[in-house]
Amino acid sequence: MEPMRDCPLFGGAFSAILPTGAIDVSDLRPVPDNQEVFCHPVTDQSLIVELLELQAHVHGEAAARYHFEDVGGVQGARAVHVESVQPLSLENLALRGCCQEAWVLSGKQQIAKENQQVAKDVTLHQALLRLPQYQTDLLLTFNQPP
């Protein structure tokens with residue numbers, strides 16, 4: 001197993017444990033203030049941590065699907081397919097005291113990389129943590145390219 005390191009997020013507001021070799025994408029290109037993005041140096045896998053405005057008009061499984069489809073739209077996905085959506089047990093979360101509900105979604109999106117015509121199926125695994133007292137949806141997206 002790869003060695004791990006504690007990595008501060010959003011100016012130290014909280015942290016995540018990541019592989020030592022994870023590259024902070026903000027060292028390579030601009031990243032929006034509401035995102036932290038890390039990639040693997042060899043596999044093209046990436047992890048995106050996003051603080052998003054709470055989407056109070058969707059609830060439960062529909063909220064997870066909403067964010068998955070929204071990510072697909074932002075990335076210009078030619079097709080999106082949800083494979084599974086499961087509730088995540090709050091008792092296992094460090095944020096359990098402020099998280100109202102949590103969901104895990106797996107699916108595929110057909111995405112073309114920048115400056116490329118051919119779209120490839122990318123597997124996405126997302127965790128959505130809903131933090132209504134902060135008017136925030138915390139979205140973690142793990143991209144697993146072919």
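Legend: residues meeting side-chain hydrogen bond (donor to acceptor under 3.5 Å, both in side chains) with Asp24, ordered by chain and number and at least two apart, are Ser26.
Heavy-atom neighbours of Leu28 CG from other residues, nucleotides or ligands within 6.0 Å: above the threshold of 12. Residue-environment remark: CG (Asn92) exceeds the threshold of 12 foreign heavy atoms within 6.0 Å. In this structure, Glu53 places its CD atom where only 12 or fewer heavy-atom neighbours from other residues, nucleotides or ligands lie under 6.0 Å away.
Residues Leu140 and Ile48 have side chains not in contact (no heavy-atom distance under 4.5 Å, counting atoms from C-beta outward). At a threshold of 4.5 Å between non-hydrogen side-chain atoms, the residues Gln86 and Trp103 do not count as touching. At a threshold of 4.5 Å between non-hydrogen side-chain atoms, the residues Val82 and Leu105 count as touching.
Aromatic ring orientation, His125 versus Phe142: parallel (interplanar angle below 30°, classes split at 30° and 60°).
Smallest separation of non-hydrogen atoms from Ala63 and Val58: CA-CG2, 3.7 Å. Shown here for Val49 and Phe10, the closest heavy-atom pair between the two residues is O-CZ, 3.6 Å.
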Audit row: Glu69, Arg65, salt bridge (charged side-chain N to carboxylate O under 4.0 Å, His left out) steps and yes/no: CA-CA 6 Å; Glu69 291 170 5; Arg65 290 176 180 274; 5.6 Å; no
Worked check of side chain to side chain contact (heavy atoms under 4.5 Å, CB included) between Val85 and Val104: CA-CA 6 Å; Val85 183; Val104 176; over 6 Å; no
Residue pair Thr141, Leu139: steps toward the side chain to side chain contact (heavy atoms under 4.5 Å, CB included) verdict: CA-CA 6 Å; Thr141 304; Leu139 184 66; 3.8 Å; yes
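With hydrogens and angles ignored, the 3.5 Å screen pairs no side-chain donor or acceptor of Arg78 with any backbone N or O of Ala112. Side-chain atoms of Gln75 do not come within 3.5 Å of backbone N or O of Gly73 as any donor-acceptor pair. Using a distance-only test at 3.5 Å, with no hydrogens or angles considered, no donor-acceptor pair links the side chain of Glu50 to the main chain of Asn34.
Between the side chains of Glu83 and Ser106, no donor-acceptor pair of N or O atoms lies under 3.5 Å.
Screening Gln144, Lys108, Gln109 against Thr123 for a side chain to side chain donor-acceptor pair (under 3.5 Å) leaves a single residue, Lys108.
Contact check on Arg130 versus Asp137 returns a salt bridge, with a Lys/Arg side-chain nitrogen under 4.0 Å from an Asp/Glu carboxylate oxygen.
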